[in-house]
Amino acid sequence: MTLRPSVLQQVLSLGDLLDVRSFTEVCQSFAELYRVGLKVFDAAGNKLVDVKVGNADFCGYIWQKPDGRAQCIATVGRVKNDAVPEEGKPARFECFSGCRYVVQTVLYEGDALGRVVFGPFVPDDLTQLPASLTAISADFDARLAQGYMQKIRRVPQPTADKIVKHFAEILDVLVFSGHKNLVTARLHIEAVQESYRELQEKNRALEESFGKLKELDRLKSNFLATMSHELRTPLTSVIGYSEMMLEGLGGPLTPEQREYLGIIMEKGESLLQLITSILDITKIEAGRIRLVMSDVDVGQLMKDAVATVMPHARKKGITLVCDPGDLPRVQCDREKMRQCLINLVNNAVKFTPQNGTITVGADPRGDRMALFVQDTGIGISEENQKKIFETFYQVDGSSTREYGGAGLGLAIVKSFVEAHHGEVRVASRPSEGATFTVVLPVRHAAPAPVPGRPAAPSAASLPQ
Amino acid sequence: MVQFNQEHREIALKVVYYGPALSGKTTNLQALFQKIDPKVRGRLMTLDTKDDRTLFFDMMPVFFRTAGGVKVKLKLYTVPGQVMHESTRRIVLQGADGVAFVADGRRSEQAGTLAYWNNMLKNLEANGLDPKVLPMVIQANKKDLPDPRDDDMADLRTTTVKPLVVPAVAIRGEGVVETLHILLTLIYRNLDRAVGLERNWNLSEREFLQQIFSHMDLRGTRLPPPLAIPEAPR
Ligand SMILES: Nc1nc2c(ncn2[C@@H]2O[C@H](COP(=O)(O)OP(=O)(O)OP(=O)(O)O)[C@@H](O)[C@H]2O)c(=O)[nH]1
Ligand SMILES: Nc1ncnc2c1ncn2[C@@H]1O[C@H](COP(=O)(O)OP(=O)(O)OP(=O)(O)O)[C@@H](O)[C@H]1O
Ligand SMILES: [Mg+2]
Ligand SMILES: [Mg+2]
């Protein structure tokens, strides 16, 4: 990458550095003050300013004669183009008419940017019209010309030098401040453009890496979905055959064999549960959840969930209370809501120590229904309450953690509940227990889009 | 980049003072402005804020004509040091023929200085300038203040980019001329190698430096003899 050339790198002409219109005004008042004409040219010979004072009649009369006109053009050409010294005194140019010009180079930062032409004026030592003028035509009227010349100011040479030097000094200040203004304005724009360009470049880089991350995430989901599926099939066989052996289908078993098979089955079940959770979450992330709606007796649903977890709670010495009473039916996906409740009750059991109590209940609120699971366990700090619904987040995420699990349960609950247009909340204080509440609309509206992304084509083709 | 105009026998050079905020870049230019004969310099153009922080740059032109009739124009720039002016720094650096890196030579400023140095290397590259060959000098400024570094800016100087270090108290004008002198010597040699200043432009190192430094107030300055300035590694 290289930057485009800045104004600092460009060669600037006198016209760029001056505001020509206001500069012309300065020249006019200057010329009026001294009653002498003034011209300013840039280095390429372009005329920027031309103020005439007093010489219109005189020059106009000469201009009428063909010879006069030719010589006039020649003089102006010399004044404009002939070399003049850059430093030191201004150069003098004599006109064939007896008038005179002084010319001063405009020097700025060591560069000749143009020239100032002061005149025509009448040198104060001129006593009569020169022959070079009177001879331009046979019918030249010297008295008339003399009269016209009266209108042109007489200037002693030292005065003329001083005036033009004075003017050059003013011009220098004007060019400097003009330059400063120009550079300020242009550099401001350049700096903004450059910042903008830089920002765009960074945005592009960010977008690119974001795209890559998204792609990686999609691959991860695909991988998990495939793997979970491939793991689940053999695992069901492991569990199934263990169960058959336990039932004595493979012949009698010793007590040890029974015990070992029991452990194989138990661990197999929890592994299956984990794989199912992973499969669920990948489905959610791939946006592939479909709700199967029906009118559900949520009281019954709660009792079912509690019954499932009961043996586990009992083993830990935890009291499980569930007395929902009469409840209106709720339109929802029975299987998914059952899983939500089981996840919540499972958590409650997991994070509640011995002798604790877990209460599962419901609270109809008009067209909404709140289901809650309350425990007397370790609780969750406020900071962590925001994070526990993220996938794989666990308050104790260390490898030596006390409680098992993958950190997927609550993420699944949240996705399922939100697919129902409901919401899930937590209220808790550390070491005082936690209450998780699921609020569902009693009547289901249109299916809500599941948070996640549209199914990727390759993921959609996987066997379910 | 240096501009040669064969037809008009002109050479235009650009020198940039780069460095962290408040390291003393503007102070360097102001000191030079005071020391250099007005005959060979123009006005000091300063584009700054009310509290004297450089907003776009400072610039001082220096110009002279050699005995061989070559006009040499030198423009000295400073960049704005405040972090937010990053893009302006990059723009001002464009086409530099040499860089004076003005560092605050206190220990407390070490980390910031290194960050700006690395940032400058990046900006040079963005401008197509190779820090390995570009003439550079480091000025360790503010040597009058307590807690000075005594490591000779070792963290800035690598095996490939290893500029000379000049200690300075810019606010008293000390080390300012020396910094410019070394930098211009290196710039001359770089250009001489590239286009043959001596051969094709009839401009010797001695005259080049003489034209500038004979127009300076050199009281309190010790300029090294030319041969004492080593070649930059390349
Ligand atoms: N004590 C001490 N102060 C210095 C020295 N050189 C500069 N300063 C002071 O440091 C402050 C900043 O100096 P500047 O020259 O404005 O710094 P700068 O690098 O141009 O700063 P920016 O334009 O913001 O990037 C001023 O108050 C100077 O007087 C020095 O050698 N010693
Ligand atoms: N009732 C609760 N009391 C205290 N902490 C809880 C409770 N429920 C959840 N948490 C905290 O929230 C975290 C996330 O819960 P989540 O159900 O998502 O994952 P998990 O139970 O650790 O694993 P998984 O459910 O996948 O087996 C838990 O690890 C725990 O730190
Ligand atoms: Mg859980
Ligand atoms: Mg500054």
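All chains are named by letter (A, B, ...) in the order of the sequence lines, taking the proteins before the strands, and each is independently numbered beginning at 1.
A search for salt bridge (charged side-chain N to carboxylate O under 4.0 Å, His left out) contacts involving A/K202 returns nothing, not counting sequence neighbours.
A distance-only check finds a donor-acceptor pair linking the side chain of B/K71 to the backbone of A/G110 [under 3.5 Å]. A donor-acceptor pair is defined here as one N or O able to donate and one able to accept, closer than 3.5 Å; no such pair exists between the side chain of B/K75 and the backbone of A/L8. The backbone N or O of B/I91 sits nowhere less than 3.5 Å from a side-chain atom of A/E190 that would complete a donor-acceptor pair.
Both the backbone and the side chain of B/V92 come within contact range of chain A, each with at least one heavy atom under 4.5 Å from a heavy atom of that chain. Of the two parts of B/F64, neither the backbone nor the side chain holds a non-hydrogen atom closer than 4.5 Å to a non-hydrogen atom of chain A.
In this structure, A/E383 places its CD atom where only 12 or fewer heavy-atom neighbours from other residues, nucleotides or ligands lie under 6.0 Å away. Counting non-hydrogen atoms of neighbouring residues, nucleotides and ligands closer than 6.0 angstrom, the CZ atom of A/F210 reaches no more than 12 such neighbours. More than 12 heavy-atom neighbours from other residues, nucleotides or ligands sit within 6.0 angstrom of CG on A/D42. For NZ of A/K220, the number of neighbouring non-hydrogen atoms (other residues, nucleotides, ligands) closer than 6.0 Å is greater than 12. In this structure, A/Q10 places its CD atom where more than 12 heavy-atom neighbours from other residues, nucleotides or ligands lie under 6.0 Å away.
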Show your reasoning for whether side-chain contact (heavy atoms from CB on, under 4.5 Å) applies to A/V183 and B/M59.
CA-CA 11 Å; A/V183 165; B/M59 190 275 288; over 6 Å; no
Before you tell me yes or no, could you show the steps for A/E86 and B/R65 under side-chain contact (heavy atoms from CB on, under 4.5 Å), namely the whole-Å CA-CA distance, both residues' side-chain angles and the distance that decides it to 0.1 Å?
CA-CA 12 Å; A/E86 284 191 357; B/R65 199 178 278 281; 3.8 Å; yes
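Under a 4.0 Å N-O distance rule, the pair A/E109/B/K73 does not qualify as a salt bridge.
Distance CD/A/E198 to CD/B/E86: 6.0 Å, rounded to 0.5 Å. Rounding to the nearest 0.5 angstrom, the gap separating the CG atom in B/L47 from the CG atom in A/N181 is 9.5 Å. Rounding to the nearest 0.5 Å places CD of B/Q94 at 4.5 Å from CD of A/Q9. Interatomic distance, OG of A/S195 versus CZ of B/R90, reported as 7.5 Å (0.5 Å rounding). For the atom pair CD (A/E194) and OG1 (B/T88), the distance works out to 9.0 Å, reported to the nearest 0.5 Å.
Looking at A/L187 and B/F57, their side chains come closer than 4.5 Å, going by heavy atoms from C-beta outward. You'll find the side chain of B/F56 reaches within 4.5 Å of the side chain of A/T184, heavy atoms only.
The stretch residues 93-104 of chain A places none of its residues near chain B, where near means some heavy atom under 4.5 Å from a heavy atom of that chain.
Of the listed residues B/R89, B/H85, B/R43, the one with more heavy-atom pairs under 4.5 angstrom with chain A than any other is B/R43.
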